[in-house]
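Comments concern the structure below.
Note that the structure is a prediction, hence the values are computed from the model and not measured. Chain letters run A, B, ... following the sequence lines, proteins first and then strands; every chain starts at 1.
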2 protein chains.
Amino acid sequence: MTQETSGPPGKGPGGGAHNDPVDQLDRKIIAALRVNGRATYADLGRSVGLSASSVHERVGKLEAAGVITGYHATVDPNAVGLGVTALVGIHPTDTATEDDVAAALGELPEVESCYAVAGDEAFVVKVRVATVDDLELSLGRLRRIPGVGRTNTTVVLSTRFESRPNNAGLHEDLTGGA
Amino acid sequence: MTQETSGPPGKGPGGGAHNDPVDQLDRKIIAALRVNGRATYADLGRSVGLSASSVHERVGKLEAAGVITGYHATVDPNAVGLGVTALVGIHPTDTATEDDVAAALGELPEVESCYAVAGDEAFVVKVRVATVDDLELSLGRLRRIPGVGRTNTTVVLSTRFESRPNNAGLHEDLTGGA
DNA sequence: AATGAAAACGCTTGCCG
DNA sequence: CGGCAAGCGTTTTCATT
């Protein structure tokens, strides 16, 4: 898992500030790239008050460190014929490990997200398909995965917003850093 | 809603082009941009077998038509101090409209996604914060929204994958789009 | 009307102060 | 971290189909 990226939860109060590879300027660059992933380095430099070369160096380090994991275009699902979204809770059986189930879920292209969760269910996945018929087909595929027991499907009626840039880590609104 | 995206009219080349504003070549470009949102037009042209100018024109139309809605950098949440994710089901009361509730949810920066759903709950939202203390604070804020009744919180133990490019609309695996 | 080619412009990117 | 310079991609324009 991606836990070792920036070190354990220890906030390291006092002492070496070098431990945090992501400083405040990096956070501003990250926030700008989350809003516009195609912003040029010159643009970013103007936004944060740095030269393009400096921004380039910082972004390269952020990418190498695994902080920035990629850049992706977002698409209107309806426009590409994916009009049905559902959240599916997956109850486990004891016939397979969670890792194997997760790997099998990853093989299904219609499963966009997969979370291992606490509670009665082992996973919650987000599925996006074209029609309710396809949803039925997909649920059948899910249930054929070894280790998958009962499924609990919640149909999404409308997506109000999704994968929004979360700047809670940029300010100290709610993070309560201390 | 966004079904009739008055896009480019009938296309000649590429084979059987119907009235669909998004033809097969567009889908390949979209798929490439979902994988790498910073791909240059020259790169895209090489990928799909088109010139850079043609790709540029097509992408511009896709953006104008609202098919491509944006480009965003993806960040490792742990690296920016957001180590706690939760899925929160929101039960409604009858004191407010769903639109007002959704708007209020949109004011909270830690709420990354918001889905109106069928079933007992009115919404399911994804919340991302730094600590479980912050999660408690956030749930308090959620419950103070008029129209929000009981909440049902599922803590995410690990994110196996998230917001993956869904190419179910690109192939005919499961869409049966016809 | 869409495509491909060419040209001017602007950005990227390595290197040094 | 900033500035410079070389190389490359972008973006407009134009001719072609």
Do we see a donor-acceptor contact under 3.5 Å between the side chains of B:Glu110 and B:Ser138?
yes
Distance-only side-chain donor-acceptor flag, B:Arg164 / A:Ser113, under 3.5 Å
no
Got a list of protein N/O to nucleotides 1-3 of chain D N/O distances below 3.5 Å?
from	atom 1	to	atom 2	distance (Å)
D:dC1	OP1	A:Arg58	NE	2.9
D:dC1	OP1	A:Arg58	NH2	3.4
D:dC1	OP2	A:Arg58	NH2	2.5
D:dG2	OP2	A:Ser51	N	3.2
D:dG2	OP2	A:Ser51	OG	3.4
D:dG2	OP2	A:Ser54	OG	2.8
D:dG3	N7	A:Ser53	OG	3.3
D:dG3	O6	A:Ser53	OG	3.2

To the nearest Å, how far apart are [X] [atom1] and [N] [atom2]?
X: B:Leu44; N: D:dG9; atom1: CG; atom2: P; value: 12 Å
X: B:Arg46; N: D:dC8; atom1: CZ; atom2: P; value: 11 Å
X: A:Lys61; N: C:dT13; atom1: NZ; atom2: C1'; value: 15 Å
X: B:His56; N: D:dT11; atom1: NE2; atom2: C1'; value: 6 Å
X: B:Asp26; N: C:dT3; atom1: CG; atom2: C1'; value: 14 Å
X: B:Asp43; N: C:dT12; atom1: CG; atom2: P; value: 14 Å

Hey, are the side chains of B:Leu87 and B:Thr153 touching, using non-hydrogen atoms and a 4.5 Å cut-off?
no
I'd like to check B:Thr85 versus B:Val127 (side-chain heavy atoms, cut-off strictly below 4.5 Å). Are they in contact?
no
Other residues, nucleotides, ligands: >12 heavy atoms within 6.0 Å of B:Glu63 CD:
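Enclosed.
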Closest non-hydrogen contact found for B:Ala118 with A:Thr154 is O-CG2, 3.6 Å
